[in-house]
2 protein chains.
Amino acid sequence: MTIVDTAPATDRPDVELGILEEFLGFYLRLAYESAFDDFSRELGPDSLKPGNFALLSIIFENPGITQTVLARASGRDKSSVTAGLRQLEDKGLIERTRLEDDRRSYASRATPEGCVVYERIAAKARNHMRRLDRIVGAKRKALLMSTLKDIVDGLAEDGETPAGRP
Amino acid sequence: MTIVDTAPATDRPDVELGILEEFLGFYLRLAYESAFDDFSRELGPDSLKPGNFALLSIIFENPGITQTVLARASGRDKSSVTAGLRQLEDKGLIERTRLEDDRRSYASRATPEGCVVYERIAAKARNHMRRLDRIVGAKRKALLMSTLKDIVDGLAEDGETPAGRP
DNA sequence: TATTGTTATACTCTATAACTATA
DNA sequence: TATAGTTATAGAGTATAACAATA
């Protein structure tokens, strides 16, 4: 991303934003991109992409997780997860084993190297988070997180409702 | 987008998210996508894309705006703006005229039809916003907006700082 | 029949770099 | 030399649909 000749739309009183001014999605997009870029810079060019870091993080925390569950947890389609896992596997960070009791499924686990890499990246993630915390502050952050979660749940399509929920 | 077999990651106590749990960017992404999808659904398949709606909105509010300024205001590169404007022009919603005093620049304006279409879409945008307001509430929304703006400004790269600012 | 994961494919959104025409 | 806008191109990130293996 890394735009060079644009500016935060946030700070241009000379341009009238109209309805956009109170359009949450617009600022959600800008904030998401800012956070994404900042984290990408922190990770560096040869590291994991943020999306794959999310996968590795969930696998690390849930050894043996299957891909369908992983897709749900990460908010991605299973086909996208397949692609991400391949990349993690190619780097030797995870390994997959077939489940004996259901041979359609694969259990994903972080390899020893994957754990090391994960910890290293998690440290960078914490740098990124500290930067955000300094901007947002603890109180606002908690409120922000819960508000974002409410938006995700509140706007969910019917089809997006998980199987096990009313 | 419109994922069918995933669920809000927000509501899965059975999956441990680890560091992701407090990772703002992760929820920023989910919330952004939810809002984007909701607005896209509201607009319908043959209407404008959210990104082009943002352009039209800014043009509508700032008749005669040039593309470089538009790029800054919308947070996009000028090449992306060029593509978006072409689509709006092809639909007859905007028109561009060369500036007499600087013949490198073009002034963009909404056509009469563009104004009509804009108002129609703006009404849909308000439906979308009402839905969000119902979820978030007025108080939290104000706080959310200002927090998002602070994130955008606070994380801005040096290169992203607008020319006219310290 | 239904589900897990894979594949092939395509789409959206966006930026970079090189270019032109003006300044 | 510098700037406004265009073009060609590429890349990230993602989904859909059809499919094979398994349940």
Side-chain angles (χ1 to χ4, degrees), chain A residues 1-6 25-26 29-30 32-34 36-37 39-40 43 45 47-55 64-72 74-87 89 94 96-108 157 159-160 163, chain B residues 1-6 25-26 29-30 32-34 36-37 39-40 43 45 47-55 64-72 74-87 89 94 96-108 157 159-160 163:
Chain A
M1 215 155 283
T2 309
I3 302 167
V4 180
D5 61 356
T6 68
F26 183 66
R29 192 203 74 187
L30 294 177
Y32 162 65
E33 288 178 349
S34 296
F36 183 94
D37 286 350
F39 186 39
S40 292
L43 288 184
S47 187
L48 291 186
K49 305 283 173 196
N52 286 347
F53 169 69
L55 289 180
I65 192 172
T66 66
Q67 297 181 202
T68 302
V69 177
L70 195 47
R72 283 190 184 145
S74 63
R76 294 276 139 263
D77 186 81
K78 59 195 164 101
S79 65
S80 303
V81 169
T82 297
L85 291 189
R86 166 118 24 127
Q87 293 167 23
E89 213 171 23
I94 64 155
R96 290 182 296 166
T97 55
R98 221 167 180 177
L99 289 185
E100 275 315 310
D101 42 320
D102 184 345
R103 296 176 49 74
R104 293 171 303 182
S105 295
Y106 288 85
S108 294
E157 270 188 299
E160 287 173 333
Chain B
M1 214 155 284
T2 308
I3 301 166
V4 179
D5 63 355
T6 70
F26 183 67
R29 192 203 75 188
L30 294 177
Y32 161 66
E33 289 178 349
S34 297
F36 184 95
D37 286 351
F39 186 40
S40 293
L43 288 183
S47 187
L48 292 186
K49 306 283 173 196
N52 286 346
F53 169 69
L55 289 180
I65 192 172
T66 66
Q67 296 180 202
T68 301
V69 176
L70 196 45
R72 283 193 183 140
S74 64
R76 294 277 139 265
D77 186 81
K78 59 195 165 104
S79 65
S80 303
V81 169
T82 297
L85 291 189
R86 165 113 26 116
Q87 293 166 21
E89 212 171 22
I94 63 156
R96 290 182 295 166
T97 54
R98 223 166 178 179
L99 288 186
E100 275 316 310
D101 42 320
D102 184 346
R103 295 176 49 74
R104 292 172 302 183
S105 295
Y106 287 85
S108 294
E157 269 187 299
E160 287 172 335

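In what follows, every heavy atom counts, from backbone to side chain, and hydrogens, waters and symmetry copies are set aside. So that the names make sense, note that chain A is the first sequence line, chain B the second, and so on, each numbered from 1.
- Atom pair B:I65:CD1 and D:dG5:C1' shows a separation of 15 Å (rounding to whole Å applied).
- In this structure, the CD atom of A:E89 is 13 Å from the C1' atom of C:dT6, given to the nearest Å.
- With distances taken from any side-chain atom of B:R86 to the nucleotides D:dT6, C:dC13, C:dT6, the minimum falls on D:dT6.
- Listed candidates were D:dG13, C:dT4, C:dT12. Nearest to the side chain of A:P50 is D:dG13.
- Across every non-hydrogen atom of A:G75 and B:L30, the tightest pair is CA-CD2, 4.4 Å.
- Relative orientation of the A:F39 and A:F53 rings is perpendicular, given thresholds of 30° and 60° on the angle between their planes.
- At whole-Å resolution of the value, CD in A:Q87 and P in D:dG11 are 14 Å apart.
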Subject >> Pair A:L85-A:L70, side chain to side chain contact (heavy atoms under 4.5 Å, CB included): steps then yes or no >> reply: CA-CA 10 Å; A:L85 291 189; A:L70 195 47; 3.9 Å; yes

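- C:dT6 atom P lies 6 Å from atom OH of A:Y106, rounded to whole Å.
- Nearest nucleotide to the A:F36 side chain, out of C:dG5, D:dG13, D:dG5: D:dG13.
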Original post:
In the 5'-to-3' direction, what one-character label does each nucleotide of nucleotides 17-23 of chain D receive under the scheme B = base within less than 4.0 Å of a protein heavy atom, S = sugar-phosphate only, - = no such atom?
Top reply: ----BBS

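- Residue B:N52 contributes atom CG, which lies 9 Å from atom P of C:dT14 at whole-angstrom precision.
- Heavy atoms only, all atoms of each residue included: B:A107 and B:G64 are closest at CB-O, 3.5 Å.
- The distance between atom CZ of A:R76 and atom P of D:dA12, rounded to the nearest whole Å, is 16 Å.
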Subject >> Residues A:Q67, A:K78; criterion side chain to side chain contact (heavy atoms under 4.5 Å, CB included); working and verdict >> reply: CA-CA 7 Å; A:Q67 297 181 202; A:K78 59 195 164 101; 5.8 Å; no

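- For A:L48 and D:dA12, the CG to C1' distance is 15 Å, given to the nearest whole Å.
- Among residues two or more places apart in sequence or in another chain, the side-chain hydrogen bond (donor to acceptor under 3.5 Å, both in side chains) test is passed with A:S80 by none.
- Looking only at distances, no side-chain donor or acceptor of B:R76 sits under 3.5 Å from a matching main-chain atom of B:V81.
- For the pair B:T82 and D:dT6, the criterion of a side-chain N or O lying under 4.0 Å from OP1 or OP2 is met.
- Residue order along DNA chain D, read from the 5' end via each residue's closest nucleotide, puts B:A107 first among B:R29 and B:A107.
- Remark: C1' of D:dA12 and CD of A:E33 are 12 Å apart, rounded to the nearest angstrom.
- OP1 or OP2 of C:dT6 has at least one side-chain nitrogen or oxygen of A:Q67 nearer than 4.0 Å.
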